[in-house]
Amino acid sequence: MYPLEECKKEIAEHIQKTIANYHIPYEIRVETPPGNMGDFAFPCFPLAHLIKKSPNEIAKEIAISIPTSKWITKVEAQGGYVNFFIDSTNLTAVTLQSILKNKETYGYLQKKKEKVIIEHTSANPNGPLHVGRARNPIIGDTLVRLYKAAGYDVESQFYLDDMGKQVAILAWGIHHLEQKNIPPMENTKADHQMVGYYQTANERMETDTTIAKQIGELVKKLERGDHDTIEMIHSSYTPVLEGIKQSLERINIHIDSFVPESTFVYDKSVDRIIKELKQTTYCHEEDDAFYLDMEPFGIHGRNTKFFFLRRDGTTLYATRDIAYHQWKAQHADILINVLGEDHRLEAQQVKVALELLQTKILPKVVFYAFVSLPGGKMSTRRGRVVYLDDLIDECIEHAYEEVKKRRANELTESQMRNIAEQVGIGSLRYNIIKVQPEKDIVFTWEDALNFEGNAIPFIQYAHARACSILSKTNTNLHTFDPTLLIHSSERTLIKKLALFPLVIEEASNACKPHSIANYLFEVASVFNQFYRDCPVLSEENTVLRSSRLALVSATEIVLKNALNLFGISAPAEM
RNA sequence: GGGCGUGUGGCCUAGCCUGGAUAAGGCACCGGCCUUCUAAGUCGGUAAUCGCGGGUUCGAAUCCCGCCACGUCCGCCA
């Protein structure tokens, strides 16, 4: 158990003991007070109601009953709160020990037995990834890293749409359109080169019904398992998918497995699901097509019919998605999906169907709002997009300019390029992950390339500063005396570092990766204050110097570990 | 029309789940700090009836109800 967890537990147990005298069931929650009113606080107001005493009276009773201990140095009743002051020397000792011992696993939680499948990105392979949905891979990959840190066995999956209309349109375009009719793309990656075929085929399809019919025919053949069609579609989207993978790798995102939708059609599991859904009482037929009535499940609107089987006997995306989820439920203990907000209804429908089919594990879904452009939403079909590849390039280029501005005289070209890469990609990921997923983001180049304030260079710079100090010493074995680290900047920093495991715990439990961004910013911020107040290398007291070096080393570890949760690298110099 | 999501200083964000002690940061703006471990830093200042109106509560940014604005969905698309 990590130091602060132990400390919190002890405080809660003490309170529990005293409260037991009141003979009422009560759940204890310890909070953090503002200002310098202690390290932990326990509000007595709700208790006052239950046992008919004033909050301050109760606070006093509790305060008196709690003995000082290894952790607790002082307990005070103040304005209805019990304020706890913890032994900072002890906290310093055990926290630094824990960090320096665990190093790259400090903050990580105990290994758990559960397997987690996190589905994210799952973009149609018909063109390059664009910024409108860029939150998906970034949130998804951060969750993957977070859950690994929280001790789970994690697998990331990309649900590959190889059966739908979108890939059929792409394939039709590639096989029927001539290159000269496709608007040229600068980027030579296959996904960029191919997207024009998709866009043009889409336009043609809208005006030409025979094309629409041909594409519909492709979809039907696919579903029947026609070998040549499968081959044709597969060879069309594969290069595009490779391009998508390359883009993801550029921002440090690796996906463990790609699960094609067709799997569930060809292994007949979709057929089984249809059969089972038809047997439920909510199933109805209309013009030979089948649907579930969603009204009893609290889904309202103009149309509450969830069609899962077309009149022509072919399945729908959501139907196949049900099969996919049943399959996932057999291979994991916890399922997490990262989906755009446009999938909210579909996710509900799938969930209801899974419940009707008595599936044991239902997915926990993280929805995100689209990143839109000032004029409205992005659209691959209409070509109104900012592609992820272009944003990556711009971020790196902007970072390069900034490094060059500052360090051109000191660093080599390749060093600057290397730093620019780390800062640029970090910036892209951080700017997206730091805001909660449900919040709308309007994309502007100004914001996307913002390197000021709560942005990644601030955090990476703090890390670089720590590395710089550490690089100027000839040992990395820093012995420390916890009684010497008593400056308020030192104490604030140590307390912040001690919090890291609790931050991981909370962020993973609540599926809220953005809360780590706040923490990361705070660590960098208090480290900068320490840097200002407490000289390290020039400190003449050798024991204090060594103790501060230990603290710098610990900070460096926490910053690096936290950045790693975001897939952002921690440069040693900037 | 209905469902869901969002609304916090001029701008952006955290806090909302689990109500609690002066609403926390960043940008911008104003004024300081580099012969001292990289100033991509730091200190101070100006600036908010937490969308609006009710309710619950000793106490509401937080919970409940109504309304408004924006986003999103209500396809035998994905």
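Heavy-atom basis, side chains included; hydrogens, waters and symmetry copies ignored. Numbers restart at 1 for each chain; the letters A, B, ... are given by sequence-line order, proteins then strands.
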Give one of base, sugar-phosphate or nothing for [X], where a contact means two heavy atoms less than 4.0 Å apart.
X: Ala462(A); value: nothing
X: Glu401(A); value: nothing
X: Val403(A); value: base
X: Asp447(A); value: nothing
X: Asn83(A); value: base

Does OP1 or OP2 of [N] have a side-chain N or O of [X] closer than 4.0 Å?
X: Lys439(A); N: G5(B); answer: no
X: Lys434(A); N: G25(B); answer: no
X: Gln436(A); N: A14(B); answer: yes
X: Asn528(A); N: U42(B); answer: yes
X: His514(A); N: G15(B); answer: yes

Measure from [atom1] on [X] to [atom2] on [N] and round the result to the nearest Å.
X: Gln529(A); N: G25(B); atom1: CD; atom2: P; answer: 10 Å
X: Glu438(A); N: C17(B); atom1: CD; atom2: P; answer: 14 Å
X: Glu505(A); N: C17(B); atom1: CD; atom2: P; answer: 19 Å
X: Leu411(A); N: A40(B); atom1: CG; atom2: P; answer: 12 Å
X: Asp321(A); N: C76(B); atom1: CG; atom2: P; answer: 17 Å
X: Arg29(A); N: C17(B); atom1: CZ; atom2: C1'; answer: 10 Å
X: Leu520(A); N: A14(B); atom1: CG; atom2: P; answer: 16 Å
X: Glu27(A); N: G19(B); atom1: CD; atom2: P; answer: 10 Å

Measuring only the [atom1] atom in each nucleotide, how far is [N] from [M]? A whole number of Å is fine.
N: A23(B); M: A47(B); atom1: C1'; value: 14 Å
N: A14(B); M: G54(B); atom1: P; value: 28 Å
N: U46(B); M: G51(B); atom1: P; value: 24 Å
N: C27(B); M: G44(B); atom1: P; value: 14 Å
N: C52(B); M: A61(B); atom1: C1'; value: 14 Å
N: G25(B); M: G55(B); atom1: P; value: 33 Å
N: G31(B); M: U72(B); atom1: P; value: 43 Å
N: C77(B); M: A24(B); atom1: C1'; value: 45 Å

For [X], ring pair (Phe, Tyr, Trp, His ring centres under 6.0 Å) partners two or more places apart:
X: Tyr400(A); value: none
X: Tyr198(A); value: none
X: His284(A); value: Tyr291(A)
X: Tyr519(A); value: Phe500(A)

- [ ] Quick one: list whatever passes side chain to side chain donor-acceptor pair (under 3.5 Å) with Arg224(A), sequence neighbours left out.
- [x]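 Partners of Arg224(A) under the side chain to side chain donor-acceptor pair (under 3.5 Å) test: none.
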Open item on the list: Check Glu410(A) with Arg407(A), please: is the shortest side-chain N to carboxylate O separation under 4.0 Å?
Closed with: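 Salt bridge: yes.
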Treating primed atoms plus P, OP1 and OP2 as sugar-phosphate and everything else as base, which nucleotides of [range] get B, S or - for protein heavy atoms under 4.0 Å?
range: nucleotides 66-75 of chain B; answer: -----SSSBS
range: nucleotides 26-39 of chain B; answer: SSS--------BBS
range: nucleotides 56-63 of chain B; answer: --S-----

- [ ] Any strand is fair game: report the nucleotide pairing with G1(B) by Watson-Crick or G-U wobble, both distances under 3.5 Å, or none.
- [x]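 The base-pairing partner of G1(B), which may sit in any strand shown, is C74(B).
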- [ ] Tell which nucleotide pairs with G41(B), taking only Watson-Crick or G-U wobble pairs whose two distances are both under 3.5 angstrom.
- [x]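 By the stated definition (distances under 3.5 Å), C33(B) pairs with G41(B).
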Open item on the list: Donor-acceptor check, side chain of Glu539(A) to backbone of Asn541(A), threshold 3.5 angstrom: yes or no?
Closed with: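 At least one qualifying donor-acceptor pair exists.
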Task: Glu490(A) side chain to His487(A) backbone, donor-acceptor under 3.5 Å - done: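 Judged by distance alone, yes, a pair lies under 3.5 Å.
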Partners passing side chain to side chain contact (heavy atoms under 4.5 Å, CB included) against [X] (at least two apart in sequence or in another chain):
X: Glu556(A); result: His463(A), Ala466(A), Cys467(A), Leu470(A), Lys560(A)
X: Arg135(A); result: Ile139(A), Tyr368(A), Ala369(A), Val371(A), Ile432(A), Val435(A), Lys439(A), Ile441(A)
X: Ala48(A); result: Pro55(A), Ile58(A)

Quick one: which of [options] gets closest to the side chain of [X]?
X: Arg320(A); options: A40(B), C17(B), A78(B); result: A78(B)
X: Val435(A); options: U13(B), U42(B), C76(B); result: U13(B)
X: Arg310(A); options: A78(B), A40(B), A21(B); result: A78(B)

Is there a donor in the side chain of [X] and an acceptor in the side chain of [Y], or the other way round, less than 3.5 Å apart?
X: Asn528(A); Y: Ser525(A); result: no
X: Gln157(A); Y: Tyr324(A); result: yes
X: Thr314(A); Y: Asp312(A); result: yes

Task: Presence of donor-acceptor pair under 3.5 Å, side chain of Asn518(A) and base of A24(B) - done: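 Such a pair does not exist between side chain and base.
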Open item on the list: On RNA chain B, does the nearest nucleotide to Glu286(A) precede the nearest nucleotide to Ala524(A) from the 5' side, or the other way round? Give the residue.
Closed with: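 Between the two, 5'-proximity favours Ala524(A).
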Open item on the list: Quick check: on RNA chain B, is the nucleotide nearest Leu47(A) upstream (toward 5') of the one nearest Gln166(A), or the reverse? Name the residue that is more 5'.
Closed with: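 By nearest-heavy-atom nucleotide position, the 5'-most residue is Leu47(A).
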TODO: Kindly label the base of C33(B) as syn or anti, based on whether its glycosidic torsion lies within 90° of 0.
DONE: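 Classified anti.
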Open item on the list: If the condition is salt bridge (charged side-chain N to carboxylate O under 4.0 Å, His left out), which residues does Glu286(A) pass it with, not counting sequence neighbours?
Closed with: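 Lys305(A).
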